[in-house]
Each structure stands twice: as structure tokens, then as C-alpha cells.
Amino acid sequence: MDFICNFPFFSIMISMFSGIVSSVLGRKAAKWLNLISIWVIWFLSAVLLYYIFGTGEIIVYKMGHFPAPWGNEIRAGLLEAGLALFFCSIMLLSMTGGRKKLMGEVVEEKHNLYYILVDLMLASLLALIYTNDLFTAYVFVEINTISACGLIMIRQNGRTIEAAVRYMIMSLLGSGLLLMGICMLYDITGHLLMSNIRDAVSSIYSAGTYPVPLTVTIILLTCGLAMKSALFPFHTWVADAYGYSTVSSAAILSSLVSKGYIILLIKIIYRVIGFEVYRASHIIDVVFVFGLAGMIMGSLSAIRENDIRRMIAYSSVAQIGYIYMGIGLGTRYAMIASIFHILSHAATKSMLFIGAIGLTDVSKGSRHFAELTGSGYRHRIAGITFAVGSLSMVGIPLFSGFISKLLFAQAAVLNTRKMLPALIVLAISTILNAIYFMKTVIRIYTPTEEEGETITMKQEKVYALTCICFIGLNIFIGMCSQPIVDWIGAGIDMFA
Amino acid sequence: MGPNLWANFGEAVSMILFCIGFANLLLHKNLIKKIIGLNIMDSSIYLFLALKGYINGHTVPIVVDGVQSVDAYINPIPSGLVLTGIVVSVSVTALMLSLTIRLYRRYQTLDLDEISKRLKKEGL
């Protein structure tokens, strides 16, 4: 028991130190260190999850053994351990799926730098999941931003550097707002630990002493994190950043980085501000409206796009909109739907990126739809992966996307005031999703006269294995949804 | 409002600075001016924090002559936060500057819109 308490801390530190050690290692050694450290963290998280399932107690690790109001804490419940496990799995699959492409796109001397960035990224994501201290969360948000910027620009061309600059600007605006929010919260409550802040906030709220500063703080925190996770009006950098970076980076960025910030926001809602106080402030309605707008606008941009990678990137804007819509509905059930969609979108989006790269490989490296015709026959496993991902995004039963849409619809019905707009936009957005994903799937399975390069499963065994794992994971989330929903529900109850 | 504003003069100044920095970072086309905006924004937050930690009439929180009473010293935590924040903002600024240098070498301009236009022309 005592030893398991250390596991969250170990996970963060293993990942961080392997990043530091990689800086003096060669390419091969850095690659293996990265792989091994992700596996070790995966294993630690799995043990932690199993342990918390068994005992049902929350693990609190005091950094340096300073007691509660002064020290820094790491806190792990069901949801945290499960998310860490899931993020490690996606990270592992994204890295193995894009490894071959990495060789071609990144200069060989820089490969160990790439692994450093990935290690730091994982460390900061784990820290965002586990930390119980707001200022620590801010510091890791910045580490996350810097390593994400590195992941975008590791493939050196004009597009990626410009994308990295745009990403940095948007992120820095967001983190400025977040930091200001944290400072103001520290001011009115006098604490930095999340649980202490919540007690202070609830007493301030019931006494009614600082209504305006409290509202401003909630606005700043929400707005900052929404900016960083590419909610609709702040999504301009998404297409370039996901569209031109190397494929592992795109998969990691779209499926994990933006999700890390949303997890932090959910944590702030439950553990810092308190769900009731957050709901009573009308920020939640604003989040709801922007979520709905994102669902439509992201899909519209994706339909207009003529480049497969950029299309997938814009589709993430729509999916982020779904998640914020769920948060905006403001019920426990809707929050479960949002967290489920975080999982389902992370599994599906990385899969689409990995699938798309196989398709472009057999189409002379072009990403335009005209060249992609019939590529599903030339690279079968990539075609199947992309088709499964598309079906899941559209919301066909059997795949994970269906369950998250179903959960969102059920949650919307339970909220009488927001039911109508949520259901209408959900329906429109599903149709729009179907338009652009099905268009692409039909395109890649249209037979063509042209003879192109063909790649079989035997030629790329690792890639094929990754694709099969992705398909398996997606079907697993789609088929075994009830245990996952129960787990999220129990996790949210432990969260507060 | 008047006396309240006067009592919180420093905080009001830091908020105005924050807005100036934020607008600069968001709206300027020139990359260097954007970075200056970033630094103004971050410094305003540190000013705000430092003001919040200061207590009138108290001294630096270093124990001298065995005085251990809480009433003698200012709150040290905001100063610690400011230090951490400065480290973060320095590293972020360095990264932004290095990106700016790379873009300038490639396109001979600091105007972000101009760079985007040229990228579209290149049609990569």
C-alpha cells in the first residue's frame, strides 16, 4: 500500500528523467528509452488503477511530507489512474505508427531531440492529470506548450515554423489568462491547493463577499484553457499545426495535448471552483454556445478542405466543440459524456492520422483528394483503418463515436432548457461529419485505372500491428461502453 | 469606487498593463512587437502578485535577530510564485525569439500576415 502511493510520482519522474537522459543518448538508445519508459508508466498506471478499484480509496502523495495547506500534493483517484493508462496507450500507438515516417521527415541528428520532447510531453500530461496544486498545474501547462511547439516544428519547413508561431501565440494568450486567473483565485482564497481553494470558495460564495472577482476568475480560467485547447473561435492554428507536422506529432497533439487542458478544466470545475458554484455562474452557458458553434463551424471548414490531413485537423475542432457542449450542459451525466468523448476522440483521431499517412504514402506523397483515389486498394490496412475511424467519427454503432453521441443525446434530453439546441446541432453536425468523412472513404475505395505503388501488410509489419491495435481499441470502447461509463461516473464522484 | 480605486492603485495599473500586453500579443502583425506584448503581459501579472504579497510596514521574510512573529514579515509565497513565473516566461520568450529568427532567415520579414501570404503562394 505504502509503496503504491509513490506510483503517480514515479510515473511523472520516470518520463521526465528519461527526457533529460535522452539528451546525451544516440538516436537508437533514445528511442528504446522512450519506448521502455512509456511501457513502464503504462504498467504502473495499470497497477494503480487495479489497486484503487480494489480498495476504493484516494491516494494522496505529499511532496516533501509537508502537511496540507502548505505542501504540494499529488492526488490519484479512479479517473486519474485510468486516464494516465489511456494516455500512455495512445502515446505508444501514435509513436509506433509514425516511427517510419519520422525517419524520412526529420533529420537524423534531431531524432533524440524528438524523443526528449515526447518524454517531456508525457511527463507534463501526467502531471496535469495527477497534480492537486494549481500553480504546479500552470507550470506544467507551460512545459506542455513548449514541448508541443517543439513537436510541431521538428519537421523543418516554412509551414511548420509558421504553424508553431501561431500555436505559440494562441497558447501564450491562453496561459496569460490562466495565470491571471490563478493569481486572482489565490488572492481571494489564500490557497494554492485545489481542495483548500474549494472550501474557501464555497464559504466566500455563501457569504457573498466577492461576487465580481469570483466571476472574473472563473471567466479567466475557462477562457484561458478554452483558448489552449482550440475551442471554436481560437482554432485558427489547428489546421497548419496538425496538417504539416510529422504524423506522430499530429496524432499526439490532436488526441492528447488539447485533451490535457480539458482534463485540467474539468478538474478546476469539480475540485477548485466546485460544480454548483460553476454552474450558478453563467459562464457555463457561454461555454455551451461556443461548443455548439464549434461543432458546426469545424465541420463546415472540414467540408471545404481539399487536403486530407487538414480535413482531419478541422474535424478535431468540431469534436472539441462536442466536449465543450457536454461541459456546458452542466449535469453530471453530460460530464460523463464529455469525458467519454475525450477517450473516444483520442482513440479515433490518432487512428485517422495514422491511417491517412499510409494512404498518402501510396499516392506519391500527395495529400490532395484527387490523388488519393483508389488508395484504399493500394494500402489495404491503412484503408481499413481510415474507414473504421471515419465510421466511428460519424457515429455508426459498434464503434466508439456512436456511444459518445448517444451519451450526449441522452444528457441533452435530461436538461430541459438546453435540450432543443443541443439535439438540433448534434443532428446537423452528425450529417456534416458524414458528408466529409464518407466522401473521403468513397474516394479512397473508388477503383482507378492508374497503377500506383502498393504496400502490403507484410512490408510494414509494425505499422499494420499498430493499425490493428487501434481498430481493436476503438471497437473495445464501442462495445464495452457500460463498464467505461461506470468507471467514469465513479471517478467523477471521487474527483470532488 | 473612487477611494477603492485609490487604495488598489497598483492593482489597477497592473490590470491596464495586462490589457495592453494582451492586445499587443493578439493584434500586432510584427513578431517582435508581439513578443514585447507577451513580456508586458507577464510582467503585469508579476506586479499584481508582488503587490498582493506585500503587507504595509512588514519587512522581507528573512529571520534576523530571532524575530519569528508572523506580524513582522510579508507573505513570501507570492514572491516565490513570481520567481517561478519569471523562469517560465523567460523560456517561452527565448523560444518565441528563436522561432522569429528562423522565420526571418527564411522570409526576410517579421510580418506574420506577409509570411502566411507567401506560404500560400508557395503552395506547400
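Convention: sequence-line order gives letters A, B, ...; per-chain numbering from 1. All figures in this text were calculated on a predicted structure; none of them were measured in a lab.
Atom CE of residue A/M227 and atom CG of residue A/L177 lie 5.5 Å apart, to the nearest 0.5 angstrom.
Among the candidates A/E142, A/M153, A/R166, the residue making the largest number of heavy-atom pairs closer than 4.5 Å to chain B is A/R166. Per-residue heavy-atom pair counts under 4.5 Å with chain B were compared for A/D240, A/V165, A/I146, A/D187, and the maximum is reached by A/D187. Of the listed residues (B/M96, B/M15, B/K52, B/E11), the greatest number of heavy-atom pairs within a distance under 4.5 Å of chain A belongs to B/K52. For chain A, the option among B/S91, B/P78, B/G21, B/G85 with the highest count of heavy-atom pairs below 4.5 Å is B/P78. Per-residue counts of heavy-atom pairs under 4.5 Å with chain B were compared for A/I161, A/L173, A/I182; the largest is that of A/L173.
Both the backbone and the side chain of B/L25 come within less than 4.5 Å of a heavy atom in chain A. B/S116 touches chain A through backbone and side chain together, each having a heavy atom under 4.5 Å away. In this structure, the portions of B/L26 lying under 4.5 Å from any heavy atom of chain A include both its backbone and its side chain. Using a 4.5 Å cut-off between heavy atoms, A/L192 contacts chain B through its side chain alone, with no backbone atom that close. With a 4.5 angstrom heavy-atom cutoff, B/L99 touches chain A via backbone and side-chain atoms both. For chain A, the nearby part of B/F48 is the side chain; its heavy atoms alone come within less than 4.5 Å. Contacts of B/L112 with chain A are made by both backbone and side-chain atoms, with heavy-atom separations under 4.5 Å.
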Practice item. Go through B/E114 and B/T109 one step at a time and tell me if the side chain to side chain donor-acceptor pair (under 3.5 Å) criterion holds. Key: CA-CA 8 Å; B/E114 175 70 30; B/T109 173; over 6 Å; no

**Study point:** Stepwise side chain to side chain donor-acceptor pair (under 3.5 Å) check, A/S249 with A/Y114
**Key:** CA-CA 9 Å; A/S249 305; A/Y114 189 77; 3.0 Å; yes

**Study point:** A/T145 and A/K228: CA distance, side-chain angles, deciding distance, side chain to side chain donor-acceptor pair (under 3.5 Å) verdict
**Key:** CA-CA 9 Å; A/T145 308; A/K228 292 183 85 82; 3.1 Å; yes

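Between B/W6 and B/F9, the ring-plane angle classifies as tilted under the 30° and 60° cut-offs.
Among residues at least two apart or in separate chains, there is no salt bridge (charged side-chain N to carboxylate O under 4.0 Å, His left out) pair with a member in residues 85-106 of chain B. For residues 142-179 of chain A, the ring-ring contact (aromatic ring centres under 6.0 Å, His included) pairs, not counting sequence neighbours, are A/Y167-A/W237.
The existence of a salt bridge linking A/K62 and A/E73 is excluded, since no basic side-chain nitrogen approaches an acidic carboxylate oxygen closer than 4.0 Å.
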